[in-house]
Novice: 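Next up is a structure, given as structure tokens.
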Amino acid sequence: MAVYWGGKRYHSLDFFLKNTYGEKLYKISLDGGMTCPNRDGTLGTRGCIFCSEGGSGDFASDRKLTVTEQIECGKLRTAGKYAGSSYIAYFQAYTNTYAPLPYLRRIFTEAARHPDVRIISIATRPDCLDKDVISMLEDIRRIKPVWVELGLQTIHEETAAFIGRGYSLPVFEQAAAMLQDAGIDVIVHTILALPGEDLSMMLDTLHYLNGAGIQGLKLQLLHVLRGTALAAYYEAHPFWIPSMEEYFYLLGRCIGSISPDIVLHRLTGDGPKQLLIAPKWSGNKRLVLNQMQSYLKKHDIWQGKEL
């Protein structure tokens, strides 16, 4: 029997937030002024193959501003579509634990002490989390809840090498375990339709994550963005990019294979339109989300149905 979450067929972030905090929370993307070991020469210089020059923080505020100023700017930007006053401070751009510990403590504390911030969400790499950093995040968690978002993308090492991820699966496992021991929620990023991966490989990743003790999951459609290494590869070696209907089929199979306990923070993603090479259809976010809901209903799909 299908289980619905506020009328949706999956355990959505919106449902989770309203049930946990009593209201919708709006996410404000922040730039902590960091780089990434995959960009500064430690592991590489261009980042992961799909990563734009903005380090996946293309929607973040100006890094020249203080954290408080960025939050206030984010509130102004969202004022036309969000009437509430509760926010998630999302440190999104680049690797947000890749800096000296005192600096990290200062910016995360500043965000946590903002009266309108309810949650601190930190996007980082598992190889940039050691015991000292996690101990500091435990301290921040005493002020406000902390989420850590890890860009796993896939469990398959051959694909991981192709996209230039720069760390092996055991590194992810160790970081996730340390975060969980510290009481910090773990949200994992995965990318669907990576070159060379078929549906069974995508499902392998999700089945693995069902048993990994994570709290949240982001399913990201692969975007080809201008200026990335992936764009150059796509031009030289065109690979399959799913149509919208094909993506809905993949997504439906994936949703049906995810544990109902895991909160789904994202089901597709929308790259900056000025950078988006493919798939062009993903640029119409409202249409995609509406059509996606219709597809799940039409095919009677719900989260965990295939488990």
Novice: Could you point out which residue of Ile184, Val186, Ile134, Leu137 forms a side chain to side chain contact (heavy atoms under 4.5 Å, CB included) with Met178?
Specialist: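 Among Ile184, Val186, Ile134, Leu137, the one that satisfies the side chain to side chain contact (heavy atoms under 4.5 Å, CB included) with Met178 is Ile134.
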
Novice: Does the His223 side chain pair with the main chain of Leu276, one donor and one acceptor, at a distance under 3.5 Å?
Specialist: no

Novice: Around atom CD of Gln174, are there more than 12 heavy atoms of other residues, nucleotides or ligands at under 6.0 Å?
Specialist: no

Novice: Taking atom types as modelled, is there a side-chain donor on Glu149 or Ser121 under 3.5 Å from an acceptor on the other?
Specialist: yes

Novice: Given the rule in the ring pair (Phe, Tyr, Trp, His ring centres under 6.0 Å) test, do Tyr4 and Phe15 qualify, once you have shown the distances and angles that lead to the verdict?
Specialist: CA-CA 10 Å; Tyr4 298 129; Phe15 177 85; over 10 Å; no

Novice: When you measure from the side chain of Tyr234 to the backbone N and O of Ala278, does any donor-acceptor pair fall under 3.5 Å?
Specialist: no

Novice: Under a 3.5 Å distance rule, please check whether Asp116 uses its side chain to pair with a backbone N or O of Ser86 as donor and acceptor.
Specialist: no

Novice: Within a radius of less than 6.0 Å around CD of Gln274, do more than 12 heavy atoms belonging to other residues, nucleotides or ligands occur?
Specialist: yes

Novice: Give, for atom CG of Leu219 and atom CD1 of Ile191, the distance between the pair rounded to the nearest 0.5 Å.
Specialist: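 Rounded to the nearest 0.5 Å, the CG-CD1 separation comes to 11.0 Å.
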
Novice: Within 45° of the axis and under 6.0 Å from the centre of the six-membered ring of Tyr103, does NZ or CZ of Arg105 qualify?
Specialist: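 No, Arg105 does not sit over the ring of Tyr103.
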
Novice: Sub-3.5 Å donor-acceptor pair from the side chain of Arg253 to the main-chain atoms of Glu306, do we have one?
Specialist: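 It does not hold such a pair.
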
Novice: To the nearest 0.5 Å, tell me how far Ile262 CD1 sits from Ile187 CD1.
Specialist: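 Ile262 CD1 to Ile187 CD1: 11.5 Å, rounded to 0.5 Å.
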
Novice: Using the side chain to side chain contact (heavy atoms under 4.5 Å, CB included) rule, pick out the option among Val148, Thr124, Thr97 that qualifies with Val133.
Specialist: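 Checked Val148, Thr124, Thr97 against Val133; only one passes side chain to side chain contact (heavy atoms under 4.5 Å, CB included): Thr97.
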
Novice: Looking only at side chains, do Thr42 and Asp40 share a donor and an acceptor under 3.5 Å apart?
Specialist: yes

